[in-house]
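This structure is in C-alpha cells; I'll ask about it shortly.
Note that the structure is a prediction, hence the values are computed from the model and not measured.
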Amino acid sequence: MDLKNTRCLCILKLKHDIKDESEVKLAKLEAEGLLGTTIKGVRNLIDLLVKEPLSFFIEENGVRFQDYFTRLPFLGSVQAFFTNFEEMIDPSELVKRLAYFKEVYLVYRGKPMDVFEKIEVLKPFRKPLEPHISGPRVEVFDIAPFGQLFSVKDTDVYVLRLICFSYILESAYYVAKLFGRELLEEGLERLFEYLKWGVGRNPILGGKNDLEDYVDSHTVGKSAESKYLTHGIHPYRGKFFARMARALLNSFGLYSGFTVLDPFCGSGTTLLEACLLGIDSVGVDINSFSCLISRAKVEAIKLDPGDIEAAAKYFENIFIDERPKGQTSILDVLPERSHTRFQSIVEDVVKVVFSASMKRGEVRRPKDAKKAFRKKIADLISQIEVFQKLKEILPLPELGKIKVIEGDTRNLSHVLGDEKFDAIVTSPPYVTRIDYVEEHLESMLELGVADEQYAKKVQELSIGLEKKGIPSERCPSDLVKYVINVPNRLRTTIEHYIVDLLKCAEEIRKVLKEKSKIAIAIGKNHRFGNYVVPTAEIVREIFEKSGFKLIDSIEISCPGLSTFKRADWIETILIFTM
C-alpha cells in the first residue's frame, strides 16, 4: 500500500456487528457500485494506521485519533476497504447510503474549510472552525452531528470522519425502545454524543443495560437491523434481510429518478429500503395481506404520529371494546372507509399493528389484547418519531414513492401494463412448508382483508406450496433432472414450482429496461426429511433459460437463523443482467 504520496484516501470501515464473514463480499460490491471504482480490503486497521499519512495522527496523549479509527472493528479477515483518488472526492452518497459500513474516513491534503465547500452532506453545517480537543500535535474539530475533522498542526493533511446514516438509523432503534416518546430528544443527543466521542468507553459484550451497551453489542444486527424504523411492524417468517436489500440497491448504482421492482414483495423490505434511499419502487404480491403489510410498512414513516394515535384509539374503542358478540370483522364496524375520519393508509397501518398483536400460526393470542395493541402502537410511533427527528438533524435522502399491487407475477406484464423498470431486487418463494395464507389467516378474516374463499384461492395459486395434481404445462426437458429421483410427495410440488417460476422469469423479462440488472436472494437448499432441494441451482437455471445472463453469485451464511431452526442456513444471491 503506497499511501505516502496520495492526494485523497477514502477508507470504509465495516460495521462491527456483521453476522458472518461471507457478507463482506456483498459489502465490497455495494461500495464499488457507489464509488464506480474497485476497492482494496485491509486485514487490520492498524495496517493503514502505521503508514503515512495516517501515522502523522498517532499521539500518546491528547486527541488519540487511533482510538477512533480502531475502535470496535469487524472481527473478520477484512476490517475495512480503501481506495486512492487524485483529487478530494465528495463521499456524501457513501455516508447517506451504505448498508454494511459504519464510518467513512477521507484523508486529504488541502484546507480545513474544504469539507464545507466540497462535500454536499456537510454544507448545511458550515461554521467557523474551533478545535474541540487540542493535543500536542493533533486537533479535532466538531463539524456536524455525524462528523469530525482531525488535523495535524502546521500541515495541510486532514482526516474527515463521517458516521454512516444507516448505522445511526439502526442504533436509533434502541433510542426509541429505551427512551420512549417523552425522552426521544434526550436519547438522540446521547446517541450522537456517544457515536462521536465515546471512544474511551470499554465495550460490554455480555449483558446490556444502557443505550451505549446496545450500540456496541455484536448482536445489534440480529434485532436493530431487522426491526429498525418500521421493519418490525409485523412478523413475517423468512423475510428479506434489510441490509442485504439496501446493499443490492447500492450495488446497482440506483439513485433518485430510478424505479425498482420487487415482483415478490412479501412484507416490503426492498420497498422500504428503496424508499429510504430516495428510489421509487413498485411491489407485486399475490397475497392481499402481504400487500397490506408492505404498504403500511413504507407509508407509516411518512405519516403524522398523531393521526396514527387517534386512529388507534378510535379502532380500540369500536373494535376491541364495543364489538358485539358474534362480530368477526372490522368491516362490521367500519363498513366503508369514507365513513371514518382517517385516510385509508392510516387505517391500514392500525390494522397491521392490530394483526401483529393477534394470534399467528402457533403463536398464541395475548391474554390482554388491548394492552398488547397499545404497546405495539406506542413502539411504532416511537420509531416513526425517532425517524422524523433524525430527518431534522441529518440530510437524509428525500423519500422515494411506492406503489403496491396485488397481482400474480406469472402474469406480470398484464398486471403492470406498459411500465418498464431499471432493476429488480427480490426474494422469490421457494419449495416450502411455510403457508403464508395459513400463517395470517385469522388476521385476514378478522380484519376483512379476505374471506375464506379468497384465502383458499391464494393458497392454490401460491408458488412453492405443496401441490398434488400434475401441472397443465409439464417441466421442460432440460429441467427434468430436478424432478426425477425425488420422493413421490415432493415430485409434483417441485415440478409445479419449476413451471410457475419459469413463467415468472419470462414475465419479468418483459417489464425490464434494456441492460437492466436483477438480484435474487434465495435459500441455497431446502431440506425435506432426508431430501435436499437445490433451490438456488434451480432458480439459476430457470432464469438463464429465460435469457438472463448470470454475472455474479454470492453465498452468505446465516448462522443460527431461527426462522428455519437450522444452524447452517445459506442465502444465495444471484445477480443477472439482460
Side-chain angles (χ1 to χ4, degrees), residues 1-3 6 8-49 69-70 72-85 89-107 161-167 170 218 221 225 240-255 270 273 277 423 425 427 517-522 524 536 550-559 570-577:
M1 295 180 290
D2 182 14
L3 307 180
T6 187
C8 181
L9 172 67
C10 181
I11 303 166
L12 309 176
K13 182 178 174 181
L14 288 162
K15 289 177 177 174
H16 65 278
D17 64 340
I18 290 173
K19 296 183 185 71
D20 191 80
E21 178 80 29
S22 53
E23 291 181 88
V24 173
K25 182 177 179 181
L26 183 55
K28 183 174 187 287
L29 200 65
E30 71 155 334
E32 290 179 340
L34 293 175
L35 280 167
T37 187
T38 57
I39 55 178
K40 299 176 182 178
V42 58
R43 187 179 182 88
N44 193 305
L45 290 165
I46 299 295
D47 295 339
L48 292 174
L49 187 63
F69 190 65
T70 61
L72 277 180
F74 172 57
L75 301 177
S77 62
V78 174
Q79 293 185 347
F81 291 93
F82 74 97
T83 189
N84 298 322
F85 294 93
I89 66 162
D90 181 357
S92 295
E93 292 303 319
L94 298 171
V95 174
K96 291 194 289 186
R97 303 170 68 84
L98 285 169
Y100 281 103
F101 298 86
K102 66 192 298 185
E103 295 161 16
V104 174
Y105 290 85
L106 202 67
V107 189
R161 176 188 181 232
L162 298 173
I163 303 167
C164 293
F165 289 177
S166 71
Y167 185 55
E170 289 176 9
H218 281 68
E225 183 265 338
F240 206 176
F241 299 106
R243 281 185 189 170
M244 194 180 292
R246 175 180 282 246
L248 289 168
L249 292 166
N250 287 333
S251 72
F252 290 169
L254 300 175
Y255 293 92
T270 294
E273 288 302 316
L277 292 172
V425 175
S427 182
K517 291 182 179 179
I518 172 172
I520 296 174
I522 189 86
K524 180 179 179 180
L550 183 71
I551 56 176
D552 207 347
S553 177
I554 306 170
E555 290 189 353
I556 294 180
S557 297
C558 304
I570 295 176
E571 193 81 356
T572 301
I573 299 174
L574 303 170
I575 301 177
F576 299 92
T577 189

| query | Does the side chain of Y255 reach to within under 4.5 Å of the side chain of L34, using non-hydrogen atoms? | reply | yes
| query | Taking atom SG of C10 and atom OH of Y105, what is their separation to the nearest 0.5 Å? | reply |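 That separation rounds to 12.0 Å.
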| message | Run the side-chain contact (heavy atoms from CB on, under 4.5 Å) test on F81 and I11 for me, step by step, so that the C-alpha distance in whole Å, both residues' side-chain angles and the decisive distance to 0.1 Å come before the verdict. | response | CA-CA 6 Å; F81 291 93; I11 303 166; over 6 Å; no
| message | To the nearest 0.5 Å, what is the distance between CD on E571 and OG on S557? | response | 11.0 Å
| F241 and I556: CA distance, side-chain angles, deciding distance, side-chain contact (heavy atoms from CB on, under 4.5 Å) verdict | CA-CA 11 Å; F241 299 106; I556 294 180; over 6 Å; no
| said: Rounded at 0.5 Å granularity, tell me how far CG in L26 sits from CD in E23. | reply: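 One finds 7.5 Å between CG of L26 and CD of E23.
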| said: Taking the side chain as everything from C-beta on, heavy atoms only, tell me whether K517 gets closer than 4.5 Å to I551. | reply: yes
| said: Could you check whether any side-chain heavy atom of L162 comes within less than 4.5 Å of a side-chain heavy atom of P91, counting everything from C-beta outward? | reply: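 Side chain of L162 against side chain of P91, heavy atoms only: contact under 4.5 Å found.
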| Does the side chain of R43 come within less than 4.5 Å of V78's, by heavy atoms? | no
| query | Hey, does L12 have a side-chain heavy atom less than 4.5 Å from the side chain of L35? | reply |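 Yes, at least one pair of side-chain atoms sits under 4.5 Å.
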| Does the Q79 side chain pair with the main chain of P73, one donor and one acceptor, at a distance under 3.5 Å? | no
| task | Check whether any side-chain heavy atom of L14 sits under 4.5 Å from a side-chain heavy atom of V24, and report yes or no. | result | yes
| field | Atom pair CG/CE of L249 and M244 - distance to nearest 0.5 Å | value |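 Between L249 CG and M244 CE, I get 12.5 Å after rounding to 0.5 Å.
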| Would you say the side-chain atoms of T270 pair up with the backbone N or O of A245, donor to acceptor, closer than 3.5 Å? |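 Flag not set: sc T270 to bb A245 has no pair under 3.5 Å.
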| With E103, which residues qualify under salt bridge (charged side-chain N to carboxylate O under 4.0 Å, His left out), at least two apart? |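 Only K13, R161 meet the salt bridge (charged side-chain N to carboxylate O under 4.0 Å, His left out) criterion with E103.
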| request: List in chain and number order the residues that pass side chain to side chain donor-acceptor pair (under 3.5 Å) with T83, two or more places apart in sequence or in another chain; answer none if no residue qualifies. | output: none
| After noting the C-alpha distance and the side-chain angles of L75 and H16, does the key distance pass the side-chain contact (heavy atoms from CB on, under 4.5 Å) rule? | CA-CA 7 Å; L75 301 177; H16 65 278; over 6 Å; no
| message | To the closest 0.5 Å, what do you measure between CD1 (I518) and CG (L248)? | response |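 Here the rounded value is 11.5 Å.
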| task | List the steps, then state whether side-chain contact (heavy atoms from CB on, under 4.5 Å) holds for T70 with L49. | result | CA-CA 9 Å; T70 61; L49 187 63; 4.1 Å; yes
| Would a distance-only check, ignoring hydrogens and angles, find a side-chain to backbone donor-acceptor pair under 3.5 Å from T572 to A536? | no
| message | Quiz question: by atom type and distance under 3.5 Å, do the side chains of E21 and S77 form a donor-acceptor pair? | response |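 Their side chains do contain a donor-acceptor pair, which is all the 3.5 Å distance test asks for.
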| query | Which residues pass the side-chain contact (heavy atoms from CB on, under 4.5 Å) test with E30, sequence neighbours left out? | reply |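 Once residues adjacent in sequence are excluded, the partners of E30 under the side-chain contact (heavy atoms from CB on, under 4.5 Å) criterion are L98, A99, Y100, F101, A247, N250.
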| So, S166 and K15: side-chain donor and acceptor under 3.5 Å apart, yes or no? | yes
| Side-chain (K102) to main-chain (L72) donor-acceptor, under 3.5 angstrom | yes
| field | Pairing residues for T38 by the side-chain contact (heavy atoms from CB on, under 4.5 Å) criterion, not counting sequence neighbours | value | E32
| Intermediate values then yes/no, salt bridge (Lys or Arg N to Asp or Glu O under 4.0 Å), R243 and E170 | CA-CA 10 Å; R243 281 185 189 170; E170 289 176 9; 2.7 Å; yes
| Among all residues two or more places apart in sequence or in another chain, which pass the side-chain contact (heavy atoms from CB on, under 4.5 Å) test with K96? |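 E93, V121, F165, P397.
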| note | D552 meets the side-chain contact (heavy atoms from CB on, under 4.5 Å) criterion, sequence neighbours left out, with K25, L29, I554, I575
| Could you state the interatomic distance from CZ (R97) to SG (C164), rounded to the nearest 0.5 Å? | 12.5 Å
| field | pair L106-C8: side-chain heavy atoms closer than 4.5 Å | value | yes
